[in-house]
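Each chain gets a letter, A, B and so on, in the order its sequence line appears, and its residues count up from 1. These values consider heavy atoms only, across backbone and side chains, with no hydrogens, waters or symmetry-generated copies.
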2 protein chains.
Amino acid sequence: MVTIQVARKKRDSYQHGDLREALVQAGLKLLSEGGVTALSLRAAAQLAGVSHAAPYRHFRDKEALVAAIAERGFRLLTASMREELARIRAADPRARLIALGVGYLRFALESPAYLQVIFGGVMRGDHVPPELGVAGAEAYQTLRDEVAAGIASGQLRRKDVDQVSLACWSMVHGLSTLLINGAIPHPGPAAARAMIEGLLRSLGEGLYTPTK
Amino acid sequence: MVTIQVARKKRDSYQHGDLREALVQAGLKLLSEGGVTALSLRAAAQLAGVSHAAPYRHFRDKEALVAAIAERGFRLLTASMREELARIRAADPRARLIALGVGYLRFALESPAYLQVIFGGVMRGDHVPPELGVAGAEAYQTLRDEVAAGIASGQLRRKDVDQVSLACWSMVHGLSTLLINGAIPHPGPAAARAMIEGLLRSLGEGLYTPTK
DNA sequence: CCTACCGATCGGTAGG
DNA sequence: CCTACCGATCGGTAGG
């Protein structure tokens with residue numbers, strides 16, 4: 001009796017051990033291959049190798065899966081920016097801001113589906129889970145901290161931290177989405193790096209000819 | 001017999017006279033109210049008051065409707081930018097670039113669904129109709145012309161027209177999408193104008209403290 | 001975590 | 001431009 005129960009338990013439980021994680025990955029794959037319309041709980045379940053009712057044990061509804069993907073996206077975005085920061089190991093605020101941009105763009109080009117979920121209108125404003133808000137705030141704070149340091153060091157002329165952060169964010173995010181959506185021909189990794197460096201240098205030095 | 005035919009023709013034909021246009025509007029309404037997943041040919045047909053088979057007389061498939069909406073979006077975007085240009089009637093390149101940004105952002109906030117279709121991943125790279133490409137190129141050219149004039153007048157320091165255009169476009173587009181997706185609290189029309197003016201001034205003058 | 005089922009909706013076509 | 005129909009898929013629930 002006991003042995004039978006153990007055997008059944010083994011067969012019944014999800015082999016990979018973490019169905020929730022498998023569903024997030026499956027959802028991501030659906031998104032990158034078929035766009036937002038291809039994302040469904042049922043298809044994700046099939047990709048993960050479980051019945052289409054199984055996901056409801058981990059996600060209350062489809063929206064919850066989308067939110068989980070978005071949260072993961074924010075965390076990976078933050079990680080990508082921090083990796084670039086760690087790589088350069090420079091204290092110069094200008095170099096650090098460029099590193100943030102490189103990290104942002106690299107993440108966008110490597111896993112465009114994440115950005116599509118976060119900023120592509122899949123997330124309806126319904127009810128945003130608190131963990132998602134936290135993850136988003138953390139990503140923004142990563143940028144904001146560097147901007148604040150740049151202002152403190154005197155290298156950034158404007159003093160409104162959020163205004164300057166928004167300028168950087170808008171430019172890097174704008175380039176990322178334009179590239180992702182094919183509005184601009186896709187560059188390779190190296191060209192992408194040169195692209196973002198050029199844009200951020202323009203933003204730093206200004207487009208206008210100095211008035212003597 | 002003739003009168004009957006006339007009567008039937010009148011009853012059978014689409015009342016508004018332009019079903020194609022009605023379907024574009026219906027698709028747009030679906031998008032703005034329910035997001036990308038709410039857009040379907042059948043729902044659009046219902047909104048337009050026709051049977052769900054009727055749209056196929058005007059659009060080969062769903063993709064064709066999406067492309068038509070996107071094309072319309074590009075044209076309205078171009079028109080919005082040109083309206084702002086006409087409004088200021090100034091020759092100063094800096095003022096004109098800001099006007100372009102104001103027009104872009106105004107359009108984005110007034111009809112976010114268009115931008116969602118154009119840049120939100122609904123358009124899959126499958127086969128882009130030539131009219132859509134033309135409309136997109138026209139929007140970009142509107143910006144590029146002003147940048148070229150600014151370079152010619154000597155007010156813009158960098159000489160690469162496309163690089164400078166991309167910088168402006170990325171920043172304005174980035175701010176627009178961040179606002180549309182609720183990443184940043186929605187401002188009113190006046191605050192939005194101040195926002196884009198502030199960002200473009202930052203881009204123009206540069207974020208860095210001038211060396212000496 | 002599964003099978004079986006619900007009502008609804010979808011894109012698309014046949015045939016008129 | 002319509003009715004009627006096709007096969008497929010969807011979100012979600014019941015019940016175990």
Taking L156(B)'s backbone N and O only, do any of them form a donor-acceptor pair with K159(B)'s side chain (distance below 3.5 Å, no angle check)?
yes
SB check [X] [Y] (cutoff 4.0 Å):
{"X": "E131(B)", "Y": "R72(B)", "result": "no"}
{"X": "R106(B)", "Y": "E83(B)", "result": "yes"}
{"X": "R193(A)", "Y": "E197(A)", "result": "yes"}

Between [N] atom [atom2] and [X] atom [atom1], what is the distance in whole Å?
{"X": "L39(B)", "N": "dG11(C)", "atom1": "CG", "atom2": "C1'", "result": "12 Å"}
{"X": "R42(A)", "N": "dT9(C)", "atom1": "CZ", "atom2": "P", "result": "16 Å"}
{"X": "R20(A)", "N": "dC1(C)", "atom1": "CZ", "atom2": "P", "result": "13 Å"}
{"X": "E63(A)", "N": "dG12(D)", "atom1": "CD", "atom2": "C1'", "result": "14 Å"}
{"X": "K62(B)", "N": "dG11(C)", "atom1": "NZ", "atom2": "P", "result": "5 Å"}
{"X": "L47(B)", "N": "dT9(C)", "atom1": "CG", "atom2": "P", "result": "13 Å"}
{"X": "Q46(B)", "N": "dG11(C)", "atom1": "CD", "atom2": "C1'", "result": "16 Å"}
{"X": "L41(B)", "N": "dC10(C)", "atom1": "CG", "atom2": "C1'", "result": "10 Å"}

Counting just side-chain N and O atoms, does S40(A) come under 4.0 Å of either OP1 or OP2 of dC10(D)?
yes
Give me the ring orientation class for F119(A) and F74(A): parallel if the planes are under 30° apart, tilted from 30 to 60°, perpendicular past 60°.
perpendicular
Check the orientation of Y114(A) and F107(A). Use parallel for under 30°, tilted for 30 to 60°, and perpendicular for over 60°.
parallel
Choosing from dC10(D), dG12(C), dT3(C), which nucleotide comes nearest the side chain of S51(A)?
dT3(C)
Applying salt bridge (Lys or Arg N to Asp or Glu O under 4.0 Å) to E71(A) and R75(A), what does each step give before you reach the verdict?
CA-CA 6 Å; E71(A) 182 194 344; R75(A) 295 202 189 286; 3.0 Å; yes
I want to check something: taking the side chain as every heavy atom from C-beta on, are L85(B) and E146(B) in contact at a cut-off of under 4.5 Å?
yes
Are any of the side-chain heavy atoms of I184(A) and L175(A) separated by less than 4.5 Å?
yes
I need the residues from residues 52-60 of chain A with at least one non-hydrogen atom less than 4.0 Å from DNA chain D; give them sorted by number, or say none.
H52(A), A53(A), Y56(A)
Secondary-structure stems, DNA chain D, at least 3 Watson-Crick or G-U base pairs under 3.5 Å:
C:1-16 with D:1-16
